[in-house]
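These notes are about the structure you will find just below.
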Amino acid sequence: MNQRKAVLPMSARYLINAALCLALILGLKGLSASGLLSDYFTKILILVGINIILAVSLNVATGYLGQLPLGHAGFMAVGAYTGGIFLKSVNAAAMSGAPLVLTIAAAILLSGAVAALFGVIIGVPALRLKGDYLAIITLGFGEIIRVVITNIDSVLGFDFTYGASGLKRIPKFTGALNVFLCVVMTCLVIHMVMKSRHGRSILSIRENEIAAESCGVNTTFYKVMAFTMSAFFAGVAGCLYAGNLGSLQPGGFGFMKSIEILVMVVLGGMGSMLGSVVSATVLTILPEALRSFDRYRMVVYSAALILMMIFKPSGLFGDYDFSLSRILEKLGVGKKPAGKEDAR
Amino acid sequence: MAMLEVKDINVYYGAIHAIKGVSFEVNEGEIVTLIGANGAGKSTILKTVSGLLHSRTGSIAFQGENIAGMAPHKLVGKGLAQVPEGRAVFLRMTVEENLEMGAYTRPNSELAPHLDRVFEQFPRLKERRKQVAGTLSGGEQQMLAMGRALMSSPKLMMLDEPSMGLAPILVDQIFGIIQTLHQSGTTILLVEQNAQMALGVADRGYVLETGKLVSSGTGTELLKDESVKKAYLGG
Ligand SMILES: Nc1ncnc2c1ncn2[C@@H]1O[C@H](COP(=O)(O)OP(=O)(O)O)[C@@H](O)[C@H]1O
Ligand SMILES: [Mg+2]
């Protein structure tokens, strides 16, 4: 539907994007091979990546759809435990016939899928109602999931989540490289959906639900779709988180974690993917850089939020988004269509 | 057979009985108006026809097909467009993007000719096509909402108080546009508080009072009707 005249042909832009990603991957590989990338630094990169996925996925539901989910950590928990249990059981069954890469990919996709399923289960009743029911329902969901995980340590005699004592000895597969790939895939998929007709439908609901409906948009379907997509990628992040730590405690997925992710989105600017990426990066690195300041993190978060609400309510980037073709346009690559845009 | 045939609908908001056994019809090529004071139930009727609300009884037929209980997004494809109350435009989208949304149910190939037609009807929108809808004036937003509904090339267009909150000169303009649309073959169901203007352009009208139809007739008949004069035309 988008009428914006492309400055560069689609294929060229994909090529440039792919080349940039490849360069980054090779750079990462080179750095870690040369030993310049310390273990500590790699750990932080991994955390940054996971938080980017969490923030970018939450931005779909808050920024693009205009809802206020308060249980993103719940979907992350579902993904983390799905991935953890899956990898453990695959390992236990010693089904190492499949190459490792495939097992990891399967774990990540499965985690996303199970989280998405929960997204549908919660989204359908909550989003069919007009009004702000989603905030309350997701808030409840996040807490319920945590309590359930804590309490069902075994199912029918099989060890399941190991309850409060935690799920341990999960194969630690998460590295800077596969996190990076997941970040790229997440951003790419969300970007492509949002640029499509489906994305326009989701945005129109945010702008005016009644008008969207009167244009023929199936609002319930698209609300559930956006919410489910948001849950899917939270699940992916959860799986990476499980593979990073190697053990899971239900306590790590509480309400505060959901709020932490929400703060990243709000500070970055609701509806800006770039904003989510930048603010997730900064808010992950900052406490690491200033270790002693970690205990004041929540205070600083609240203060930053309040200041932001006062001075720039739309967040750092508003709903501005990064556009490669716009930058190329500024640099003079690819001629702008002459005169006024498309003369009809 | 009437294009739109509403029979004996009863609509409730919880325990509130908002529409009490209303029946009316709109024939092809007509402008029909529903007039009534604030809170009479005009918007409720339109929302029921467009599927946003549901009637407990009766039937709603559009071109012979029963559409009661059908989801609103399906009706657009059938040729029933609604311009909701209060200039419901997509504020952060441009004028052009708003209009594109209006053609949501149409194939992409129809986009350009429809856009041309709407711009011909609303030259003001053409000037502002790249402007964000939130920066338009009230009258321009109303035109945009109407233009957007036109983009689906509806057979029947339902307008909910298009003159609400507009300066008199803009009201004249909006009614002028409604007449032009009508002349170009669109059937119109117009809901208004501004009885004088609405009855002036309408072929037929119905008068609604607290959820009930109290009288009906041609536009000119109703303009002369003593009780209508008293209640809606300031004596
Ligand atoms: N969402 C709602 N909940 C409860 N009552 C409502 C609601 N919307 C409208 N009503 C009531 O229904 C009646 C008709 O309202 P409405 O159709 O909006 O009137 P009109 O469009 O003629 O001004 C009014 O008495 C109003 O108070
Ligand atoms: Mg009304």
Side-chain angles (χ1 to χ4, degrees), chain A residues 1-5 62-66 124 127-131 194-225 269-272 275 313-315 317-321 326 336-337 339-344, chain B residues 43 46-47 49-53 71-108 111-113 115-116 119 126 129-130 132-134 141 144-145 148-149 151-152 154 157-160:
Chain A
M1 288 194 81
N2 202 333
Q3 293 284 301
R4 201 170 178 278
K5 276 265 151 60
T62 52
Y64 297 143
L65 184 64
V124 168
L127 293 166
R128 276 179 58 170
L129 304 166
K130 309 243 176 314
M194 291 316 295
K195 284 292 165 221
S196 72
R197 174 186 173 83
H198 305 299
R200 191 65 77 77
S201 311
I202 292 168
L203 291 178
S204 74
I205 295 170
R206 173 188 78 183
E207 293 301 298
N208 192 321
E209 193 169 340
I210 294 206
E213 205 142 21
S214 74
C215 287
V217 176
N218 186 344
T219 51
T220 303
F221 173 82
Y222 279 110
K223 284 200 280 186
V224 174
M225 172 184 159
M270 298 231 233
S272 164
S314 57
F317 290 86
D319 54 10
Y320 171 85
D321 242 321
R326 193 159 49 208
K336 227 182 170 167
K340 274 225 157 192
E341 268 186 80
D342 53 344
R344 231 175 252 282
Chain B
S43 298
L46 276 203
K47 285 180 188 163
V49 173
S50 66
L52 289 164
L53 295 172
H73 64 92
K74 293 202 176 125
L75 294 174
V76 189
K78 296 194 180 296
L80 191 70
Q82 189 198 1
V83 182
E85 193 171 30
R87 299 166 216 146
V89 295
F90 304 116
L91 291 174
R92 279 186 279 182
M93 293 187 189
T94 64
V95 167
E96 198 164 327
E97 285 166 345
N98 264 276
L99 293 175
E100 283 169 19
M101 280 306 298
Y104 187 82
T105 54
R106 315 297 304 180
N108 266 344
L111 200 60
L115 211 50
D116 282 343
F119 281 151
K126 188 171 188 178
R129 60 198 288 179
K130 301 286 175 204
V132 172
Q141 288 188 2
L144 181 57
R148 192 183 58 208
M151 288 293 290
S152 64
M157 187 148 142
M158 303 192 290
L159 297 135
D160 195 346

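A, B, ... follow the sequence lines: proteins, then strands. Residue 1 opens every chain.
Only the side chain of Arg148(B) comes within contact range of chain A, judged by heavy atoms closer than 4.5 Å. Heavy atoms of Pro84(B) lying under 4.5 Å from chain A belong exclusively to its side chain. In this structure, chain A has heavy atoms under 4.5 Å from both the backbone and the side chain of Leu91(B).
Residue Leu52(B) holds its CG atom at 9.5 Å from CD of Glu209(A), rounded to the nearest 0.5 Å. With rounding to the nearest 0.5 Å, the separation of CG in Leu75(B) from OG in Ser214(A) is 11.0 Å. In this structure, the separation between CG on Leu203(A) and CE on Met101(B) is 9.0 Å, given to the nearest 0.5 Å.
Residues Ser204(A) and Phe90(B) come closest through the heavy atom pair O-CE2, 3.3 Å.
A 4.5 Å side-chain heavy-atom check between Met93(B) and Arg200(A) finds at least one atom pair inside the cut-off.
With hydrogens and angles disregarded, no donor-acceptor distance shorter than 3.5 Å links the side chain of Glu207(A) to the backbone of Val89(B).
Remark: the Ser201(A) side chain and the Tyr104(B) side chain contain an N/O donor-acceptor pair separated by less than 3.5 Å.
Ranked by heavy-atom pairs under 4.5 Å with chain B, the list Thr220(A), Ile210(A), Val217(A), Thr219(A) is led by Val217(A).
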